[in-house]
Amino acid sequence: MPCPAQISDDLEFFVNGRKVTEKNVDPEVTLLAFLRKNLCLTGTKDACGTGGCGACTVMVSQHDPVCKKTRHFSVMACLVPLCSLHGAAVTTVEGVGSIKTRLHPVQERIAKSHGTQCGFCTPGMVMSIYTLLRNHPQPSEEQLMEALGGNLCRCTGYRPILESGRTFCMEPDGCPQKGTGQCCLDQKESDSSGSKSDICTKLFVKDEFQPLDPTQELIFPPELLRMAENPEKQTLTFYGERITWIAPGTLQELLVLKAKYPEAPLISGNTALGPAMKSQGHFYPVLLSPARIPDLRMVTKTSGGLTIGACCSLAQVKDILAESISELPQEKTQTYRALLKHLRSLAGQQIRNMASLGGHVISRHCYSDLNPILSVGNTTLNLLSEEGPRQIPLSGHFLAGLASADLKPEEILGSVYIPHSQKREFVSAFRQAQCHQNALPDVNAGMRVLFREGTDVIEELSIAYGGVGPTTVSAQRSCQQLLGRRWNALMLDEACRLLLDEVSLPGSALGGKVEFRRTLIVSLFFKFYLEVLQELKADQKLPPESTDSQRYPEIADRFLSSLGDFQVTLPRGVQTYQRVDSHQPLQDPVGRPIMHLSGLKHATGEAVFCDDIPRVDKELFMALVTSTRAHARIISIDSSEVLDLPGVVDVITAEDIPGNNGEEDDKLLAVDKVLCVGQVICAVVAETDVQAKRATEKIKITYEDLKPVIFTIEDAIKHNSFLCPEKKLEQGNIEEAFENVDQVAEGTVHVGGQEHFYMETQRVLVIPKTEDKELDMYVSTQDPAHVQKTVSSTLNIPISRITCHVKRVGGGFGGKVGRPAVFGAIAAVGAVKTGHPIRLVLDREDDMLITGGRHPLFAKYKVGFMNSGRIKALDIECYINGGCTLDDSELVTEFLVLKLENAYKIRNLRLRGRACMTNLPSNTAFRGFGFPQGALVTESCITAVAAKCGLPPEKIREKNMYKTVDKTIYKQAFNPDPLIRCWNECLDKSSFHIRRTRVDEFNKKSYWKKRGIAIVPMKFSVGFAATSYHQAAALVHIYTDGSVLVAHGGNELGQGIHTKMLQVASRELKIPLSYLHICETSTTTVPNTIATAASVGADVNGRAVQNACQILLKRLEPVIKKNPEGTWRDWIEAAFEKRISLSATGYFRGYKAFMDWEKGEGDPFPYYVYGAACSEVEIDCLTGAHKKIRTDIVMDACCSLNPAIDIGQIEGAFIQGMGLYTTEELLYSPEGVLYSRSPDKYKIPTVTDVPEQFNVSLLPSSQTPLTLYSSKGLGESGMFLGSSVFFAIVDAVAAARRQRDIAEDFTVKSPATPEWVRMACADRFTDMIPRDDPKTFKPWSIPIA
């Protein structure tokens, strides 16, 4: 086996109410691949392929013949093997509703609540909420948060998505109008400036939503009901090309098969096996599926405990435990409560629905959240085989994989027995991860203690840790030595010493973070110690003398703050903006919160993205082969074996390029040498994507390593390895100023890089035409003209022969400015060579490995200041890690230096920047373009000055801010009045000073948890520093029926540019939006476009659209004058009869912008966006975790074209910035390999990371004459405001250090991960851990900033 000659059984299931019968199913095919390729249901998106993002969420319904109920549950289609769906009903986003037939309320509300931007994640969001409503038509807010915990969104910041879901929820308490704009509290908050009538807090009208009617949902197919009740065939077998899938119908058959194929794994949810087979190369020729065996899903309750079938999903286990907890006395449910606590945060809802208890236990992952608790809870594993049943304890020996305590090859796990806890037994669970939900733990633990009756003497003690070894580690020796000890401070000290000795982590341990994980070993035990002590004190039977000689007499107040985890709550907030003028015609949409044009299509899955385009005739797939070495000479490329593989058509190398192979220092395909891991060397073209990807593994490349190999900024400086000359700005006399100040502070700042993590990875479809060497290209890019030029140069054909089409892009953030041209050119070479259309779609791992991201930064600063806090001199030197080629690094360095001063007037100022050349993939443009890194350095200087002066940072900020009309360091004049207004509004709306006092009071009373609050100002310069980059064009056609087609040079990335363009055209032509349409961005309609970037896309293209419309209206004037009472259609028909051209090109020559670097002066930016943000956080000093309590943002948008879109951009950018500064950490191996290249390992913010209260206000009554209708571009500016969370964390850490009498000035390092926070809050536990000499071991990862 497998044997293709044998005939597979038919697979029968339903999709969206229609029966599907598949013959010859391949077990390696996933539901996602089948939906997209076989059924052409492309609403279900492919974004990560590992079950980590939720874009492919669908609902599966199955009938349980035992309980006679139909279960509806959300799953990740990318992990579901098609073979597992026999007898199931699948509902995709297309089956929920359609704009062609009927919208479902979920789809309507997420679109009208402005919960979609790029729309790539939206179908998954819709399916998660839809599944929730199928089970709970009126869910609680907690259930809503739980349902969306496994879905990622990179654009919206989640708030509007949650807002749409909240409209279905029961109001838990309080005012039912809160958050809708009707509540008196909302009105009060919105009334801080401007009259009440001018300010609006409603972005959508809830009353307009259609009601949810559960009776209208698709029924479970009766045919499947009959199949479930009376299964026709016992065993189902599916033979694939490489794998055979066997699904027996009875337990006995399974045991026979397991004896026959002892090496065959049991596959239940595929949440562990699937990713292992995809990413780690695991392969099994036979898979056994126990899914159809009811015996393995049985639950038995006895007087002593609970027996749960191994095939029960983790979601079912969660419900079973919750039910038992509600039925049993508390003393019996200690273990169940601990398990339930971890089940709430383990992975996302979809994974919990799929993963089985048995699979979780048997996998024995080092990061398992349940095994440590099950282990200390004296769990028993009930094993089954042909020889009969057997029981083994889920002990440390089992978890370590010792043969004597493990399953035999022919055995399976039948069920798990979890005993009740006893009287005076306490069980606790702990975990610390990069973020609260859907993240693998750095360290987790299960701890249990049993005391002798009426005493605090330890009778039994069990402690097990995850994340500190290759599997769960049981601290048996330490526990044994503590038996008979009393539960007091002496025992605590001894326990910490013993645990650190027994549970040892080498300095080179997998996963790194060694000192942090060592600290957690004892910090978590201390939490357990306090929890139990609290319980003991609450127990009145405890003799009073047993608490004497306590080292911590204050345990009842300050120290108790360590108890309890941060709770997740549904975020709330108010969004305020200025109403349009009461005299503005109702038909004029400018300034109104219009829904995103594609919002409903996003929600129904009918919005077509690049890879959703149906397969073209004779289409081939391309997969890339990348370097595995960081700096090496290529000796040979051997592809001989590949060309013999089934389906492989060709291998594309640099020799196949007819024109230019990129630039001299930046090749499309590597020639002779490679400069980084992930550099593209060649590409394989095959008939299917699977064949192409498999073939890449067979290409053999021989290397010869070269020196030096440079990864870090420190090494680059040492080797004088730079990509471009230094950029420098200076004003005043720095040296003299430093001699005339009261104090001088020096420090360093490290800012890590950031992955774009656009939901839609890089992808392109190239279709060669039959004549004139023409090419049609469908590409996901921010700059189609650049793709066009690059392909022209690569193929050596005129630009005019190449047409690039961009319908919409599933997120860009700068990552789709330059890179798509590279992939487009390589695919085009393949298309020309083979004569076939070529589709190239990067999977998430390759995308993250190859494309680069935000530049990591290292900065040194020296700041001179007076004791009052006035800064007199500041010298900042920045280095960014540019990677192996120039890309945009020189521009980023320039923008970094230009923007470093932020909002501050410092008379003696020197700013320098350099881009380092390293052997890492080239870093590139990213939202903010240097400002988020650079401004963090400046604000860190402010914080350092505040610490030295003993003043709050906000006082230092106020004292040094621009106050009057002035000039920047590069001599550009500006008026800071809107900046001051934003600052004052933010102070007022956030009640900053009152809350600062409350934070200080909280911190006095709490030792282990600290709060911090910070407010930061922002002066963000918009645009490119060159006039030619601000030009734009548009083409507007009016057809004889009165309908209007608008084309312009901007690309729809999710930022709503098409929506805004139609708002502009509607106003200018004075016609309703319904008359207007945008088809796509194409290089045939608008040539020579500029990248949609730098926040000016809507500005400049809007001016071009305005110009075209004004030209057309001017032409129509005589017709309208002649028939003033006529309709728009009358006028157009008359104009046509009079031979008036109804097509016009609009053009905007651009804002003037220039910079002379030799003189250090210019007017590089058209205008500034001002803002301020205040954030409050609470940190847990023992674990490094934090929660975001509240954020208030005030942004100067002037006259917003569309408040809903602009507020969405601000919120989305803020959350993305918050990710940069808190959780998004890029980890590289000492060999330059990026470890963090999947959503499992790279953590962007999730729904649980949104501040509990999240308020955004657009500054009212603000004007700028320069721009279109006095609006401003807000795409990037909100990014830096995420640093308010970072500085709030820094404020909390500083409070902890003050209380511990440790110096407040510590090295600022972003992101402020739990590791950084925990280790910065130094205490007795960080002091007691062993520390390794860095020279004695090779670290798992290296810092590149």
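Thr116 meets the side-chain hydrogen bond (donor to acceptor under 3.5 Å, both in side chains) test with His602; sequence neighbours excluded. Every residue was checked against the side-chain hydrogen bond (donor to acceptor under 3.5 Å, both in side chains) condition with Thr1081, not counting sequence neighbours, and none meets it. The side-chain hydrogen bond (donor to acceptor under 3.5 Å, both in side chains) check on Gln782 picks up nothing, with sequence neighbours excluded. Listed by chain and number, the residues in a ring pair (Phe, Tyr, Trp, His ring centres under 6.0 Å) with Phe1280 are Phe931 (sequence neighbours excluded). The salt bridge (charged side-chain N to carboxylate O under 4.0 Å, His left out) search around Glu1052 returns none, not counting sequence neighbours. When the ring pair (Phe, Tyr, Trp, His ring centres under 6.0 Å) test is applied to Phe926, the partners found at least two apart in sequence or on another chain are His756. Here Thr938 pairs with nothing under the side-chain hydrogen bond (donor to acceptor under 3.5 Å, both in side chains) rule; sequence neighbours left out. By the salt bridge (charged side-chain N to carboxylate O under 4.0 Å, His left out) test, Asp977 pairs with no residue at all, sequence neighbours left out. Listed by chain and number, the residues in a ring pair (Phe, Tyr, Trp, His ring centres under 6.0 Å) with His114 amount to none (sequence neighbours excluded). Taking Glu894 as the reference, Lys727, Glu890, Leu891, Trp1157 meet the side chain to side chain contact (heavy atoms under 4.5 Å, CB included) condition, with sequence neighbours excluded.
Side-chain contact of Asn1255 with Gln575: a donor-acceptor pair under 3.5 Å is absent, judged by distance alone. In summary, the side chains of Asp1192 and Ser990 do not present any donor paired with an acceptor at a separation below 3.5 Å, with no hydrogens or angles considered. Judged purely by distance below 3.5 Å, without hydrogens or angles, the side chains of Gln117 and Thr156 never pair a donor atom with an acceptor atom. There is no side-chain donor-acceptor pair under 3.5 Å between Gln1216 and Gln754.
A salt bridge between Asp1291 and Arg996 is present, with a side-chain N of the basic residue lying under 4.0 Å from a carboxylate O of the acidic one. Of the charged side-chain nitrogens involved, at least one lies within less than 4.0 Å of a carboxylate oxygen, so that Glu939 and Arg957 count as a salt-bridged pair. At a threshold of 4.0 Å, the pair Lys1019-Glu901 counts as salt-bridged, since one of the basic side-chain nitrogens sits closer than that to a carboxylate oxygen. Remark: Asp966 engages Lys905 in a salt bridge, criterion side-chain N to carboxylate O under 4.0 Å. In this structure, Glu1252 does not pair ionically with Arg1190, as no charged nitrogen and carboxylate oxygen lie closer than 4.0 Å.
Ile199 and Pro1260 make their closest contact through CD1-CB, 3.9 Å (heavy atoms, listed as atom of the first residue, atom of the second, distance). Of all heavy-atom pairs spanning Leu1073 and Leu1062, the tightest one is CD2-O, 3.4 Å. The shortest non-hydrogen separation linking Ala1065 to Val1046 is CB-CG2, 4.2 Å. Smallest separation of non-hydrogen atoms from Glu1068 and Leu1113: O-CD2, 3.0 Å. Minimum heavy-atom separation, Ser1175 to Val1285: OG-CG2, 3.6 Å. Closest heavy-atom contact between Pro1245 and Gly1219: CG-CA, 3.6 Å.
Taken to the nearest 0.5 Å, the CZ atom of Phe974 stands 10.5 Å off from the OG atom of Ser1021. One distance of note links CG of Asp581 with CZ of Arg579; it measures 12.5 Å at 0.5 Å rounding. With values rounded to the nearest 0.5 angstrom, Cys982 atom SG is found 7.0 Å from Leu979 atom CG. Between atom CD of residue Gln1055 and atom CZ of residue Arg927 there is a gap of 9.5 Å, rounded to the nearest 0.5 Å. Within the model, atoms OG of Ser1261 and CG of Asp198 stand 6.5 Å from one another, a figure rounded to the nearest 0.5 Å. Put simply, CD on Gln1209 and CE on Met1279 are 12.0 Å apart, with the number rounded to the nearest 0.5 Å.
The side-chain heavy atoms of Ile1207 and Leu1274, taken from C-beta on, include no pair separated by under 4.5 Å. A 4.5 Å side-chain heavy-atom check between Ile1193 and Phe1254 finds at least one atom pair inside the cut-off. For the pair Ser1066/Leu1076, a side-chain contact is recorded, criterion being any heavy-atom separation below 4.5 Å from C-beta on. Annotation: side chain of Cys1174 is in contact with side chain of Arg995 (closest heavy-atom distance under 4.5 Å).
Cation-pi contact between Lys816 and Tyr758: present, with separation from the ring centre below 6.0 Å and deviation from the ring axis of at most 45°. Figure legend: Arg1067 and Tyr1269 shown as a cation-pi pair, the cationic atom lying under 6.0 angstrom from the six-membered ring centre and within 45 degrees of its axis.
Within the 3.5 Å criterion, the main-chain N or O of Ala1026 finds no donor-acceptor partner in the side chain of Lys1152.
No option in Thr576, Ile1210, Asp1196, Val1194 other than Ile1210 meets the side chain to side chain contact (heavy atoms under 4.5 Å, CB included) test with Leu1258. Partner of Leu898 under the side chain to side chain contact (heavy atoms under 4.5 Å, CB included) criterion, out of Leu729, Thr893, Leu911: Leu729 alone.
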Evaluation steps, side-chain contact (heavy atoms from CB on, under 4.5 Å), between Ser1257 and Lys989 | CA-CA 9 Å; Ser1257 178; Lys989 284 182 178 292; 3.3 Å; yes
With side-chain contact (heavy atoms from CB on, under 4.5 Å) as the test, would you mind laying out the steps for Cys200 and Gln578 before giving the verdict?
-> CA-CA 6 Å; Cys200 192; Gln578 194 160 359; over 6 Å; no
Give the intermediate values and the outcome of salt bridge (charged side-chain N to carboxylate O under 4.0 Å, His left out) for residues Glu1211 and Arg159.
-> CA-CA 8 Å; Glu1211 291 174 336; Arg159 195 272 315 158; 3.0 Å; yes
side-chain contact (heavy atoms from CB on, under 4.5 Å) between Cys1198 and Thr1267, intermediate numbers included = CA-CA 10 Å; Cys1198 281; Thr1267 60; 5.9 Å; no
Could you give me the CA-CA distance, side-chain angles and deciding distance for Leu896 and Cys878, then say whether side-chain contact (heavy atoms from CB on, under 4.5 Å) is met?
-> CA-CA 9 Å; Leu896 171 72; Cys878 293; 3.8 Å; yes
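Sequence neighbours left out, the pairs with a member in residues 1022-1034 that pass side chain to side chain donor-acceptor pair (under 3.5 Å) are Gln1031-Tyr1147.
Ring centroid separation for the pair Tyr1151 and Phe1024 does not come in under the 6.0 Å cut-off. Taking the centre of each ring, His1048 and His1058 come in below the 6.0 Å mark.
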Side chains of residues 1161-1171: which donor-acceptor pairs under 3.5 Å do they make with residues two or more places apart or in other chains?
| unit_1 | atom_1 | unit_2 | atom_2 | d |
| --- | --- | --- | --- | --- |
| Tyr1167 | OH | Asp1099 | OD2 | 2.4 |
| Tyr1167 | OH | Gly1273 | N | 2.8 |
| Tyr1168 | OH | Tyr970 | OH | 2.7 |

